[in-house]
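This chain uses plain numbering: 1 for the first residue, then up along the sequence. Start at 1 and go down the list; that is how both ligands and their atoms are numbered.
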Amino acid sequence: MIDSHCHLDFAVFDTDRGEVISRANECGVNAFLIPGTTAEGWDKQRDIKTRYDNIYLAFGWHPWFLPDDIQTGCRQLEQAIGVYSDKIIAVGEVGLDATLPMPMAQQETWLSEQLRLAQQANLPVILHHRKTHHRLPAVIKDSGFTCGGVVHGFSGSPEVAQAYLELGFKLGIGGTITYPRGKKTLATIKAMGLSSILLETDAPDMPMMGFQGQRNEPAHLVGVVQILQGLFEESAEHISHVTDATFRDTFSLA
Ligand SMILES: [Zn+2]
């Protein structure tokens with residue numbers, strides 16, 4: 001099983017990162033994709049990758065942490081992508097978040113610029129969304145971006161899912177489906193099929209039902225798989241096998 005979205009570089013894991021990874025391994029979660037958030041984070045991600053096995057990295061400016069100057073920020077990212085091209089498998093997480101004070105037009109410029117850098121490096125992207133499904137597919141299309149990737153923390157209707165799938169994106173599925181409010185998204189993934197999704201925890205955020213208020217960690221991915229077992233009437237092994245293959249395919253891993 002692969003946790004396709006976990007922020008293991010965050011300070012909240014500084015004291016017991018090794019134990020968190022061991023606990024995940026014991027639960028069958030044996031690979032991790034750490035998405036980028038800030039330039040300082042990219043450095044820390046690289047350090048973590050040298051210390052632990054099966055760590056994959058993406059670099060990008062998360063919409064919550066965009067620096068003041070877009071030109072400097074994008075130049076920094078372009079440089080990091082160039083220097084560490086053999087270490088990263090995607091650009092992200094990047095996206096649009098309607099709960100932020102930054103005007104949407106400005107966020108869209110940031111997103112387009114980061115999509116351009118991803119396209120230039122021939123890398124897929126990890127997309128962050130919040131109340132922005134009505135804009136994201138259009139911005140991707142307008143940017144001419146064609147390398148696909150994953151819509152992290154997906155929730156939404158089959159129509160919304162279809163728009164992303166047509167653009168070459170997979171749906172990142174995590175803790176939200178463990179709550180009653182996740183019913184609509186469950187119906188969507190059932191309709192789209194198991195091969196349209198990737199598994200993720202978004203650790204330390206998005207705790208599973210029953211773990212609210214606690215730090216989330218990759219070991220909890222088994223809770224997501226349990227729900228999917230019921231939904232698809234398949235074994236955990238099958239779900240893990242299919243989603244692992246989708247992960248390798250999405251990020252062009254051998
Ligand atoms: Zn994230």
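His5 contributes atom NE2 as its closest N/O/S atom to the Zn ion (ligand 1). Distances from the Zn ion (ligand 1) to the N/O/S atoms of Asp202 are shortest for OD1. The name of the N, O or S atom in Glu93 nearest to the Zn ion (ligand 1) is OE2.
The cationic atom of Arg181 (NZ for Lys, CZ for Arg) lies less than 6.0 Å from the six-membered ring centre of Tyr179 and within 45° of the ring axis.
In summary, His62 places no N/O/S atom under 2.8 Å from the Zn ion (ligand 1), failing the contact criterion.
A salt bridge is absent between Lys49 and Asp9: the closest approach of a Lys/Arg side-chain nitrogen to an acidic carboxylate oxygen does not fall below 4.0 angstrom.
For Tyr56 and Phe247, the gap between ring centers is short of 6.0 Å.
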Can you check ring-ring contact (aromatic ring centres under 6.0 Å, His included) on Phe154 and His133, steps first, answer last? CA-CA 10 Å; Phe154 178 81; His133 282 324; 5.7 Å; yes
